[in-house]
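First comes the structure, then the notes that go with it.
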Number of protein chains: 4
Amino acid sequence: MADEMEQWLASLLRLNDEEEKMTDKQIKIIQAAVEMFAEKGYAATSTSEIAQKAGVAEGTIFRHYKTKKELLISIVTPIMSKLVAPFVLRDFHKVLDSEYEHFEDFLRAVMRNRLEFALKNAPIIKIMLHEIPFHPELQTQFKEQLFPQVADRVKRIVTHFQSRGELVDMPPFTLIRMAASVIVGYILTRSLILPDNNWNDAEEIERAVQFIMHGIMP
Amino acid sequence: MADEMEQWLASLLRLNDEEEKMTDKQIKIIQAAVEMFAEKGYAATSTSEIAQKAGVAEGTIFRHYKTKKELLISIVTPIMSKLVAPFVLRDFHKVLDSEYEHFEDFLRAVMRNRLEFALKNAPIIKIMLHEIPFHPELQTQFKEQLFPQVADRVKRIVTHFQSRGELVDMPPFTLIRMAASVIVGYILTRSLILPDNNWNDAEEIERAVQFIMHGIMP
Amino acid sequence: MADEMEQWLASLLRLNDEEEKMTDKQIKIIQAAVEMFAEKGYAATSTSEIAQKAGVAEGTIFRHYKTKKELLISIVTPIMSKLVAPFVLRDFHKVLDSEYEHFEDFLRAVMRNRLEFALKNAPIIKIMLHEIPFHPELQTQFKEQLFPQVADRVKRIVTHFQSRGELVDMPPFTLIRMAASVIVGYILTRSLILPDNNWNDAEEIERAVQFIMHGIMP
Amino acid sequence: MADEMEQWLASLLRLNDEEEKMTDKQIKIIQAAVEMFAEKGYAATSTSEIAQKAGVAEGTIFRHYKTKKELLISIVTPIMSKLVAPFVLRDFHKVLDSEYEHFEDFLRAVMRNRLEFALKNAPIIKIMLHEIPFHPELQTQFKEQLFPQVADRVKRIVTHFQSRGELVDMPPFTLIRMAASVIVGYILTRSLILPDNNWNDAEEIERAVQFIMHGIMP
DNA sequence: AATGAATGAGCCTTCATTCAT
DNA sequence: GATGAATGAAGGCTCATTCAT
């Protein structure tokens with residue numbers, strides 16, 4: 001369901017297909033840059049390393065991206081959009097009403113879907129997390145364009161379930177933050193911090209959802 | 001209580017007093033480095049910038065720290081120790097038994113104490129979070145020395161309260177991770193991500209503790 | 001004769017043509033480096049001086065030579081080969097048999113030929129002499145690869161003339177060392193120590209040969 | 001004999017006793033400097049290395065020697081004087097007349113005496129040889145003060161034996177150069193180039209003397 | 001006399017970027 | 001479009017030297 005949603009959104013906003021317009025070399029450049037930026041960080045990666053790993057001449061990078069920073073932005077910007085895509089979906093609320101009877105189902109869907117996404121895009125997400133704080137352009141994008149939209153939309157959902165008496169009465173932003181902490185905490189631990197553990201995702205997701213719903217009291 | 005504990009620990013392990021052995025210039029160098037590393041990241045900060053901000057000659061930095069990386073390590077290592085100090089405390093468990101009647105009280109104490117610590121050391125914690133993934137020396141310190149000790153000790157506490165029937169029956173590591181997500185989520189949001197919001201810490205901590213204990217069902 | 005020999009050797013081993021593969025700037029860099037290294041010594045010459053004298057950017061040096069030491073080695077290594085080239089010639093002994101009836105003729109040919117070589121390559125030979133003792137890489141090249149080959153071959157020549165009764169009976173290595181002292185002594189004095197004297201090379205060579213053959217007794 | 005001569009000269013010119021006026025630390029500085037300069041060359045040796053090896057503070061070096069170069073000069077200048085001391089001896093000619101009946105005896109005495117000196121002072125001689133070409137101050141000392149005196153005096157000796165018909169008729173400077181080549185060639189090979197060979201000095205000296213006198217013809 | 005912290009010029013090297021081919 | 005040689009500014013670090021203690 002959520003996957004279909006995302007595909008629909010993507011087709012509307014063309015969030016998925018950037019690579020299709022790229023030349024062969026351009027794709028190799030991006031792949032090499034992602035790998036290196038994730039491994040050593042943006043500032044510690046040199047354009048010559050990227051060129052070497054991509055198997056292109058150093059000049060070729062600058063034919064496609066005016067500066068090294070433009071290369072970074074062209075990597076991070078799409079992932080930010082895709083990361084929050086399902087939440088930005090225009091008719092999310094309406095769709096939601098009909099799809100998820102309980103908040104619990106919504107949580108479960110989000111967690112599954114975003115975990116899958118994170119596993120597929122772990123290196124780019126790592127880059128995003130590390131570079132956003134140091135690049136005002138990226139911060140602006142996140143703080144002014146993406147975050148408010150998401151917050152607003154999720155707030156409506158929470159308010160909706162609160163009004164149905166399914167959720168505790170609490171400032172929605174606080175409630176969202178705490179639930180999000182658990183979800184994000186798992187997804188990051190799972191995909192970036194300890195990806196080599198033996199994870200039973202289904203089990204862990206179920207526990208997280210139960211924890212969010214009922215806490216740790218027996 | 002926890003504060004006293006920490007002071008005791010500190011006095012035992014001398015975790016607090018590094019700065020007292022430093023010369024005047026050395027302190028200025030560290031302060032300048034912390035400021036710049038937090039603002040621009042380690043790799044993007046030049047030693048000449050640090051020297052200028054510290055008001056010393058560039059050579060002076062290298063008289064005290066053989067390399068730029070040694071300067072980073074001398075900043076990050078102590079904060080890692082201090083960050084987990086209360087948990088590493090040898091007789092933590094015993095002390096705990098007598099101090100906290102319920103798990104809830106423990107959560108509250110930890111959250112208050114570590115938030116205060118994070119607010120006081122926000123820039124260094126930011127540096128630590130950003131640089132650990134790129135510096136094997138720091139990873140080693142964290143993964144092999146600090147993390148296991150903490151995990152082990154907190155696990156005992158959780159098991160203790162589980163055996164008293166106060167906590168739901170669940171793998172302790174999972175339970176800890178989820179509770180920690182909420183605590184860490186708040187502390188990072190509060191001190192690094194959105195420090196400029198108007199936060200009512202007492203209220204937020206209480207809500208977080210209740211969330212951890214009872215979830216979001218009414 | 002010896003000249004033809006050397007040309008033949010060179011054509012076989014391509015010892016002469018390194019410069020032909022070099023770019024215009026690379027030649028200028030080498031020339032400037034040779035001039036400066038000979039004038040001030042390797043350690044006291046800065047890469048920025050070399051760049052300036054060569055009329056290139058400092059970075060250009062490092063595009064062609066990964067390090068300053070690699071630049072030194074690329075200057076010294078070929079001269080070592082060329083310096084001993086005639087002696088390393090595979091069929092030297094056979095050629096010699098037919099060319100030089102007496103040891104005296106051999107001495108004369110070697111002295112003329114190597115003096116000409118030294119005069120043409122004085123600065124590089126100066127560099128070689130000064131830097132070999134401080135750079136293990138160069139020592140190895142000399143001690144293990146070049147020197148033994150030469151010593152071995154010249155030893156055979158000496159033994160040959162000794163067996164013909166033309167030379168005094170004495171350990172060949174000692175005899176070679178003493179004759180070489182005279183030859184090298186003249187060539188170095190002539191080309192490096194006092195190059196500005198008015199030298200009559202033909203006369204001095206003849207005297208040196210007579211000295212080697214008959215000593216200083218009347 | 002030659003030793004007594006030297007002692008007499010030394011007492012006259014105070015060439016031997018520099019160290020006696022030195023403080024303990026000063027001696028250690030000189031020793032450390034000699035060791036390092038000989039091992040790595042003057043330009044490649046740092047004052048801090050010298051200080052460390054000497055076990056003194058870096059500042060102490062500059063209390064005794066205004067600059068690093070002054071330290072070098074204070075090492076090299078005395079060795080130059082001592083190296084040629086026997087030849088500079090005022091009444092050398094007269095003394096000689098009575099001491100050495102044949103030129104051969106003179107050669108033998110010089111070779112023995114200067115070899116002993118070279119073995120005792122090998123590192124300083126190495127420094128001298130390497131640094132003279134790069135330091136005009138040292139060149140001046142050598143070319144204008146020491147060398148002419150020596151050349152002049154030895155020339156008289158050679159002329160003396162030539163007039164007695166003991167030596168071949170040849171420009172004295174040429175004759176000296178060739179004999180000196182053999183002597184210097186052996187001493188340098190013996191003390192600096194291949195000091196680790198098994199040398200039979202008495203034998204080698206005798207062969208060298210015979211070579212100088214009679215050449216290599218049987 | 002001796003120290004060693006402090007200096008800042010200068011070192012070798014790397015960098016992102018340009019441009020002729 | 002792709003190349004890679006060339007650039008020169010800037011990087012981290014070392015140096016000889018000074019000076020207050």
Side-chain angles (χ1 to χ4, degrees), chain A residues 23-26 28-29 42-52 54-71, chain B residues 23-26 28-29 42-52 54-71, chain C residues 23-26 28-29 42-52 54-71, chain D residues 23-26 28-29 42-52 54-71:
Chain A
T23 78
D24 178 43
K25 304 231 164 195
Q26 213 168 343
K28 277 184 187 159
I29 290 170
Y42 168 78
T45 301
S46 73
T47 50
S48 78
E49 278 174 298
I50 296 171
Q52 202 182 349
V56 303
E58 218 174 332
T60 308
I61 293 175
F62 290 91
R63 190 146 286 283
H64 292 288
Y65 306 92
K66 267 202 289 291
T67 64
K68 187 186 166 193
K69 184 165 252 172
E70 199 181 295
L71 175 58
Chain B
T23 82
D24 179 40
K25 305 232 165 193
Q26 213 168 342
K28 277 185 189 159
I29 289 169
Y42 168 77
T45 301
S46 74
T47 51
S48 79
E49 279 175 298
I50 297 171
Q52 201 178 352
V56 303
E58 206 173 344
T60 306
I61 293 177
F62 292 92
R63 177 155 290 277
H64 293 289
Y65 304 93
K66 268 198 289 290
T67 63
K68 188 188 168 193
K69 184 165 248 170
E70 197 181 296
L71 175 57
Chain C
T23 81
D24 178 43
K25 306 231 165 196
Q26 212 169 341
K28 278 185 188 159
I29 290 169
Y42 168 77
T45 300
S46 74
T47 50
S48 79
E49 279 175 297
I50 297 171
Q52 202 178 352
V56 303
E58 208 172 343
T60 306
I61 294 176
F62 291 91
R63 177 156 289 278
H64 292 289
Y65 305 94
K66 270 200 286 291
T67 64
K68 189 189 168 192
K69 184 165 247 169
E70 197 181 296
L71 175 58
Chain D
T23 77
D24 179 43
K25 305 230 166 198
Q26 212 168 343
K28 276 185 188 158
I29 289 169
Y42 169 78
T45 301
S46 73
T47 50
S48 79
E49 276 175 299
I50 297 171
Q52 201 182 350
V56 303
E58 217 174 331
T60 308
I61 294 176
F62 290 91
R63 190 145 288 281
H64 293 288
Y65 306 92
K66 267 203 289 291
T67 64
K68 187 188 168 192
K69 182 165 254 171
E70 200 180 295
L71 175 58

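Here is the naming used below: chain letters follow the sequence lines, and residue numbers restart at 1 for every chain.
The salt bridge (Lys or Arg N to Asp or Glu O under 4.0 Å) check on D:Lys28 picks up D:Asp24, with sequence neighbours excluded. Partners of C:Ala44 under the side-chain contact (heavy atoms from CB on, under 4.5 Å) rule, at least two apart in sequence or in another chain, are C:Lys40, D:Ala43. Looking at residues two or more places apart in sequence or on another chain, you find a side-chain contact (heavy atoms from CB on, under 4.5 Å) between C:Tyr65 and C:Met22, C:Gln26, C:Ile29, C:Ile30, C:Glu70, C:Leu71, C:Ser74. Residues meeting the side chain to side chain donor-acceptor pair (under 3.5 Å) test with C:Thr67, sequence neighbours left out: none.
Contact annotation: D:His64 does not reach the phosphate of E:dA1 (side-chain N/O to OP1 or OP2, under 4.0 Å).
Rounded to an integer number of Å, the gap from C:Gln52 CD to F:dA6 P is 19 Å. Atom-to-atom, CD of B:Gln26 to P of E:dA5 comes out at 10 Å; the value is rounded to the nearest Å. What separates CD1 of C:Ile50 from C1' of F:dA6 is a distance of 18 Å, to the nearest Å. Whole-Å rounding puts the C:Lys25 NZ to F:dG4 P distance at 18 Å. B:Asp24 places its CG atom 13 Å from the P atom of F:dT21, with the value rounded to the nearest Å. What separates CD1 of D:Ile61 from P of E:dA1 is a distance of 15 Å, to the nearest Å.
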**Report entry** Canonical and wobble pairing (Watson-Crick, G-U, under 3.5 Å) of DNA chain F, dot-bracket with |
**Finding:** .||||||||||||||||||||
Query raised in the report: Could you write nucleotides 13-18 of chain F as a row of B, S and -, 5' to 3', where a protein heavy atom under 4.0 Å of any base atom gives B, of only sugar-phosphate atoms gives S, and otherwise -?
Result: BBSBBB
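The salt bridge (Lys or Arg N to Asp or Glu O under 4.0 Å) analysis of residues 56-65 of chain D, with sequence neighbours excluded, yields no pairs.
Using a distance-only test at 3.5 Å, with no hydrogens or angles considered, a donor-acceptor pair links the side chain of C:Lys68 to the main chain of C:Thr45.
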